[in-house]
Amino acid sequence: MLNTHLLSIVAFLPVLAVLILAIIPGRQEKTLKQFSIGFALVHFLVSILLVLRFDSSVYKVQFEEVVPWFSTHFASVNYHIGLDGINLWIVLLTTFLGPIIFLSVYSSITKKVKSFLINMFLLEMGILGSLIALNTFLFYLFWEVMLIPMYFIIGVWGGERRIYAAVKFFIYTMAGSLLMLVAIIYMYLQAGTFELSALYAHSFSGQEQVYLFVAFAIAFAIKVPIFPFHTWLPDAHTEAPTAGSVILAGVLLKLGTYGFIRFAMPLFPSAVKTFAPYVIVLGIIGIIYGALVAMIQKDVKKLVAYSSVSHLGYVMVGLFALTIYSVQGAMLQMINHGISTGALFLLVGIVYERSHTRLISEYGGLAKVMPVFAVFFMIFTLSSIGLPMTNGFIGEFLILMGTFKSAYPYAFWYTAFAAIGVILGAVYMLWMYQRVFFNVEPSEKNMKLKDINLREKIYLLPLLIMVFWIGLAPGFFLKKMDKSVEHYMKLIQHTEQIVISEQSIARGVQK
Amino acid sequence: MNVTVNMTALMPLIILFAGITLTALMGTMNTSVKRLAGLVASATVVLAFWWLMERVLPAIGTSALSSQYGMITYSYYSIFLSSLVLVTAVAAFALSEHYLIAEDFSHPEFYAILLSSITGMMVMLNTSNFVNIFIGLELLSIPLYASVAYLRYKPESVEGGLKYFILGSIASGFLAYGIAMIYGATGSLNFTIIAKAGQTDSLFRLGLLFLIMGLAFKASAVPFHMWTPDAYEGAATPVTAFMSIAPKVVAIGVLTRVLYSVFPQMVGYWREGILVLSILTVVVGNFGAIVQQSVKRMLAYSSISHAGYLLMGIVAYSVEGVSGILFYLAGYMLINTGAFGVLSLLKRGDIDYVSYDDIRGVGYRHPWLGIFMSVFMFSLAGIPATVGFMGKFYVFKALIHADYVGLALVGIGGSLVSVYYYLRVVVNMYMKENPEETSFDLNFLSMTVLGICSVLVMAAGLFPAKIADIANVAARFMN
């Protein structure tokens, strides 16, 4: 019984937390926060069972659950969820970040604590739901529902321009997803089902694929975000509270890239072939543009936000290079980015709580007053740059290698330009690090800053371990996704051949 | 000629007439009796509803239940719509109770007026004869003009009522003229006979055009929407809740039925017209709502835009489209009752005007009210897990099925624009601080109504099968 419902339990445990939180009176802020930390920890431990029981020798979906949800004359929808190598680690990343985020919230959120915690758990549920949904309707439902708590988190607990950022976030994402909705309805009318597995098998005509792919791709591109759809991200990140930024960078953005590998690419393989070069070029523009803009930022948080644009450019390049290496690298890079960027946002949050500023010019010489903090910051900076031995290296290396080996005529140039991003990444991160931690003697105000405390160490440590674990022994993580990635590659390429052969038959007939 | 009279069919109307008489008479009695008027009116409506469900519904077999040669005809379709009207009426009565007492202007006549309007709606929905369409429309409209102007000591109420009255009379004129032309062309007023005649000449066409115009006015479709914001704003808020739903249910319901079953041979002709109307309505409604400063006016424009989505459902011209419309109307009823219900509680003394600034911080001072309003706003914006999304989903699906992908995209663009102004309500409730700590007088009855509405909005959004199935049956048995 546990095995059949385990995934549902993991996905909907946050709802239980919401119900319990609703009962606890709002004045007992400590109890609320402690409960959330404990609950999130339990949630994470339960989700570890998923890894332990995950069978990495097969590609097929595990912990699968199919229950008819509602069936009417208009549409019949199944509650269909499952886990495979594609979403396993992102699900784990979500639950892993849970306790860390709630620990960080302990000091950073002081007003309307109860509502904040409730929104956070709801957000987690929405994210998990959309990650495990194997039904386009179900996916869309969670995808949209997720917006609401995030919108509140930015809008109520955010910074100065929070309302602008929240509304922009909401409308931007909504614009993309409404197009996707049209595509989902169209696919339903053509194939008669929302079930993903049946849709994979259904072959849409070339023209249909183009339109459907564009509709899906725009929705996901906004979420990722791919240049030029990225403008909402810096606003959302800068204005969101630390916990919001962590979950936004950590997992929310991954839903975009995840959407590509799970939906847009295997569903419309021939369109992928048409569009792949363009997406790769946009990805490369994102890498370089993100890095260049990050370089000139005055605000640390904005810098990290733009570094996200750059990093996710790699993921997109990796996915669309369509080699086993690059796709695996991209999958791993999603996790890496969640860990290192998440950690960087936490670190920025820590120093912001103490100094109430995020301007780089206000810092300087912090290594002297906060030595332990400086060490943590250094390690995550290096991980973000992709130094060997850290997680970032593995991801970027696989992506670049895979891209180089890909069958595109300009594969060499793609790799070369993407690699420029690695250098630029080192430039903006290290330059920022230098200006924040060294350069000058700490100002009088900064002399009073306290180094990080035990609680902060506790929540940074797991992230640190992950940096080195993935960096030194990526095999454990890659092995679990091996089979599924292979399967998805086949799905994308196999159907391609069918389409090609159809075309050649058509050509033969014409002759 | 021997006219067959079916008492089962007439009974709901008789019950309603009895209710009108009773509530009107209560106005002459002393205060303790007067106070019961709301209860009597609600009981009347419930009784009519019960009769409809228990007596009329089982009497409908393979064919509709009709009386006096189809002057009164019940089909599954018309019963579905009548139920929506009756349920709205009960909710509106429940909301009025508190509102009118707060306004210190509670008279039993108020309920008599609304009951008359409801009777008109029942007549208009449950008929297959154009004479009754006209009679029903007048019986629906005239009390509604009066009920808008009911708060006679308020200039904006009288202004709204007068505007509604003048423009509404012109629309009625159009409708009557259209019916006359159709009669001239076919020599009959009966739906079935007209449909069989299969006329397409120019007189007939002109009649159809005038008919559409008359009904589009009641549905507040652009360009016949001018009265809507003023009338909605001027009326007492519970009345606004009622008139944003019930007349729209009737107008859209009758329009759909007439177009589909009386003028199917003219589909090529009216489809284009409705298409243009629907695009205009969605665009003007949504962009009009953006610039409003008063929440009530914003909701008035929003109701215009929703009429647009409903008209899009008509364009689909399929059973799917009709059931989409019916489902949408059911959802729309729940949401709009709730949204205007919340507004009716946000009343400071006798000041009715609610601007965005006035609702700042409401989400914290009145947590439940805030949650309810958020549910309604997200639902109007068409966020999944609410009934508003399912309604749009069905209508757009019908459109895409009928190969109107472009029109569906217009609708979707409109609902994207709408997100902005619906969110604005939530933004003000939760994300802005209010310097003055005003709180509002909430009463149990209204809050119960709102609670039921928001639970149903979520429930029907997550488990739409029940309503969708009923809507589908209703759509297949229009006549």
Side-chain angles (χ1 to χ4, degrees), chain A residues 22 26 68-77 79 111-112 114-115 119 126 129 137-148 151-152 154-158 162-190 211 215, chain B residues 319-320 323-324 327 363-364 367 370 374-375 378 381-386 389-390 392-403 405 408-409 411-420 422-424 426-432 461-473 475-476:
Chain A
W69 174 17
F70 65 83
S71 171
T72 69
H73 179 73
F74 304 102
S76 23
V77 180
Y79 170 74
K111 58 164 191 175
K112 293 155 194 159
K114 185 172 167 174
S115 329
N119 272 313
F137 190 93
L138 193 66
F139 172 75
Y140 184 79
L141 181 102
F142 281 116
W143 172 273
E144 288 282 275
V145 165
M146 195 169 62
L147 288 181
I148 297 169
Y151 159 72
F152 278 115
I154 300 175
V156 177
W157 293 273
R162 58 182 196 277
I163 294 172
Y164 169 75
V167 172
K168 190 171 177 184
F169 162 77
F170 200 104
I171 291 181
Y172 233 105
T173 324
M174 189 89 181
S177 39
L178 282 172
L179 276 180
M180 181 167 75
L181 178 65
V182 176
I184 288 175
I185 296 175
Y186 186 85
M187 279 157 57
Y188 178 73
L189 290 170
Q190 292 296 312
Y211 287 120
Chain B
V319 173
E320 211 182 354
S323 28
F327 186 93
Y364 298 108
S374 308
V375 169
F378 284 126
I383 305 289
T386 65
F389 167 72
M390 287 318 285
K392 279 190 182 139
F393 178 81
Y394 288 153
V395 168
F396 292 149
K397 180 175 166 253
L399 273 183
I400 295 171
H401 206 169
D403 258 345
V405 182
L409 285 174
I412 276 183
S415 77
L416 179 66
V417 172
S418 78
V419 171
Y420 172 76
Y422 292 130
L423 280 189
R424 203 166 154 201
V426 181
V427 161
N428 278 284
M429 284 196 310
Y430 284 100
M431 298 173 193
K432 287 189 178 163
L462 286 170
F463 303 99
K466 195 96 198 163
I467 301 178
D469 285 339
I470 298 173
N472 188 42
V473 172
R476 279 188 287 127

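Chain identifiers are assigned alphabetically (A, B, ...) following the order of the sequence lines, protein sequences preceding nucleic acid strands; residue numbering begins at 1 within each chain.
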Rounded to the nearest 0.5 Å, what separation is found between the [atom1] atom of [X] and the [atom2] atom of [Y]?
| X | Y | atom1 | atom2 | value |
| --- | --- | --- | --- | --- |
| A/M174 | B/Y420 | CE | OH | 16.0 Å |
| A/F152 | B/M431 | CZ | CE | 5.5 Å |
| A/Y188 | B/F393 | OH | CZ | 7.5 Å |
| A/I163 | B/N428 | CD1 | CG | 7.5 Å |
| B/I400 | A/M187 | CD1 | CE | 12.0 Å |
| A/S177 | B/I412 | OG | CD1 | 9.5 Å |

* Asked: What's the shortest heavy-atom distance between B/A465 and A/S71, and which atoms?
  -> CB-O, 4.0 Å

* Any idea how A/F137 and B/F389 line up, ring-wise: parallel (<30°), tilted (30 to 60°), or perpendicular (>60°)? ->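 Tilted: the ring planes of A/F137 and B/F389 meet at 30° to 60°.
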
Does a side-chain heavy-atom distance below 4.5 Å link [X] with [Y]?
| X | Y | value |
| --- | --- | --- |
| B/F378 | A/V145 | no |
| B/L409 | A/L179 | yes |
| B/V427 | A/Y151 | yes |

* Determine the option with the most heavy-atom pairs under 4.5 angstrom with chain B, choosing from A/Y140, A/F142, A/Y186. =>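 Greatest number of close heavy-atom pairs with chain B: A/Y140.
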
* Structure fact -> Highest number of heavy-atom pairs under 4.5 Å with chain B among A/V77, A/L141, A/L147, A/L181 belongs to A/L141

* So which of B/V417, B/L462, B/L399 has the largest heavy-atom pair count under 4.5 angstrom toward chain A? ->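 Heavy-atom pairs under 4.5 Å are most numerous for B/L462.
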
* Interface residue of largest heavy-atom contact number with chain A, from B/L416, B/V319, B/T386, B/V419, under 4.5 Å ->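 Option with the top pair count is B/L416.
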
* Asked: Taking it one step at a time, do B/D469 and A/F70 satisfy side chain to side chain contact (heavy atoms under 4.5 Å, CB included)?
  -> CA-CA 11 Å; B/D469 285 339; A/F70 65 83; over 6 Å; no

Check each atom of [X] against the heavy atoms of chain A and say whether the ones under 4.5 Å are side chain, backbone, both or neither.
| X | value |
| --- | --- |
| B/S323 | both |
| B/A471 | neither |
| B/M390 | side chain |
| B/A468 | both |

* Sidechain-backbone polar pair: A/W69 side chain, B/F463 backbone, donor-acceptor under 3.5 Å ->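 Such a contact is absent between A/W69 side chain and B/F463 backbone.
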
* To do: Would you mind checking which part of A/L189 comes under 4.5 Å of any heavy atom in chain B, side chain (CB onward), backbone (N, CA, C, O), both or neither?
  => side chain

* Using the ring of B/Y364 (Phe, Tyr or Trp, six-membered ring only), decide whether A/K112 places NZ or CZ under 6.0 Å from its centre and within 45 degrees of its axis. =>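 Verdict for B/Y364: a cation-pi partner in A/K112.
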
* Residues in salt bridge (Lys or Arg N to Asp or Glu O under 4.0 Å) with A/K114, at least two apart? -> none

